[in-house]
Amino acid sequence: MTQQQWDSVDDYFTGLLAPADEALTAALRDSDAAGLPQIAVAPNQGKLLHLLAQIQGARRILEVGTLGGYSTIWLARALPADGRLITLEYKPEHADVARGNLARAGLDKIAEVRVGPALDSLTALGAEHPEPFDLVFIDADKANNARYLEWALELTRPGSLIILDNVVRGGAVTEAASTDPHVLGTRSALELIAEHPKLTGTAVQTVGTKGYDGFALARVLG
């Protein structure tokens with residue numbers, strides 16, 4: 001299989017099952033215009049996040065890593081009118097783009113963008129003693145994946161769903177001797193899912209417009 005074939009299949013799936021609308025198209029357009037890296041989730045992956053949030057019956061969602069808000073839109077659209085999403089972004093310029101994209105999509109009353117290093121934002125969020133989140137999507141700097149996962153456990157409840165993106169690293173996740181902090185952080189998070197008594201999960205490889213990668217799913221146990 002080639003990248004061209006993967007792209008063709010993704011294009012077919014997206015066109016049939018996850019067609020773009022103006023808010024989603026504009027979110028990607030404005031992100032590109034602002035010079036944001038083109039690392040947002042693929043449309044069919046965004047639809048998967050949306051469906052997982054709906055299946056979960058999520059009313060409160062936490063996202064670690066906003067970028068331009070593309071995945072945030074998919075997730076926030078799965079919430080009821082009185083739902084809430086908090087998304088954490090490191091770079092103020094990215095957060096500005098995301099806020100504009102969320103406002104255009106009519107989601108700025110549901111989704112809140114918080115700016116700063118995610119671990120600092122998570123510490124501040126924990127100090128607020130918020131209601132537990134029903135779903136957490138982790139898609140930020142991979143070196144801190146295990147620490148983000150630990151915070152996700154602190155901020156969720158039994159039955160909550162945690163999604164960890166980009167866990168395959170082009171196959172490098174299998175390299176036990178790797179010194180790449182992205183690989184080390186991802187392996188640590190996966191090992192935490194495997195070993196923690198309050199987590200059960202799995203990981204899945206994917207191919208598509210984003211290349212060869214994958215994601216992990218974990219459920220919080222009682």
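Just so you know, these numbers use all the heavy atoms, side chains as well, and skip hydrogens, waters and symmetry mates. Here the structure is a predicted model, which is why all the values come from computation and not from measurement. Residue numbers run from 1 in the order of the sequence given.
- Contact between Asp7 and Gly208 at its shortest, heavy atoms only, is OD1-O, 3.9 Å.
- When side chains are defined from C-beta on, Ser31 does not count as touching Leu67, because their heavy atoms never get closer than 4.5 Å.
- Arg169 has no carboxylate O lying under 4.0 Å from a charged side-chain N of Asp180, or vice versa, which leaves the two without a salt bridge.
- Residues Tyr148 and Asp141 form a side-chain contact, since some pair of their non-hydrogen atoms from C-beta on lies under 4.5 Å apart.
- When all heavy atoms are compared, the tightest approach of Ala27 to Ile73 is CB-CD1, 3.9 Å.
- Contact between Gly211 and Gln3 at its shortest, heavy atoms only, is CA-OE1, 3.6 Å.
- The minimum heavy-atom distance linking Trp74 with His50 is given by the pair O-ND1, 2.9 Å.
- For the pair Gly185 and Asn145, the tightest heavy-atom approach, listed with the atom from each and the gap, is O-CB, 3.5 Å.
- Within a 6.0 Å radius of CD in Gln5, other residues, nucleotides and ligands contribute more than 12 heavy atoms.
- For the pair Arg99 and Asp108, the salt-bridge criterion is not met [side-chain N within less than 4.0 Å of a carboxylate O].
- Side-chain contact between Tyr70 and Pro43 is present, with heavy atoms from C-beta onward closer than 4.5 Å.
- One finds no salt bridge joining Lys210 and Asp165 here, because no Lys/Arg side-chain nitrogen approaches an Asp/Glu carboxylate oxygen to under 4.0 Å.
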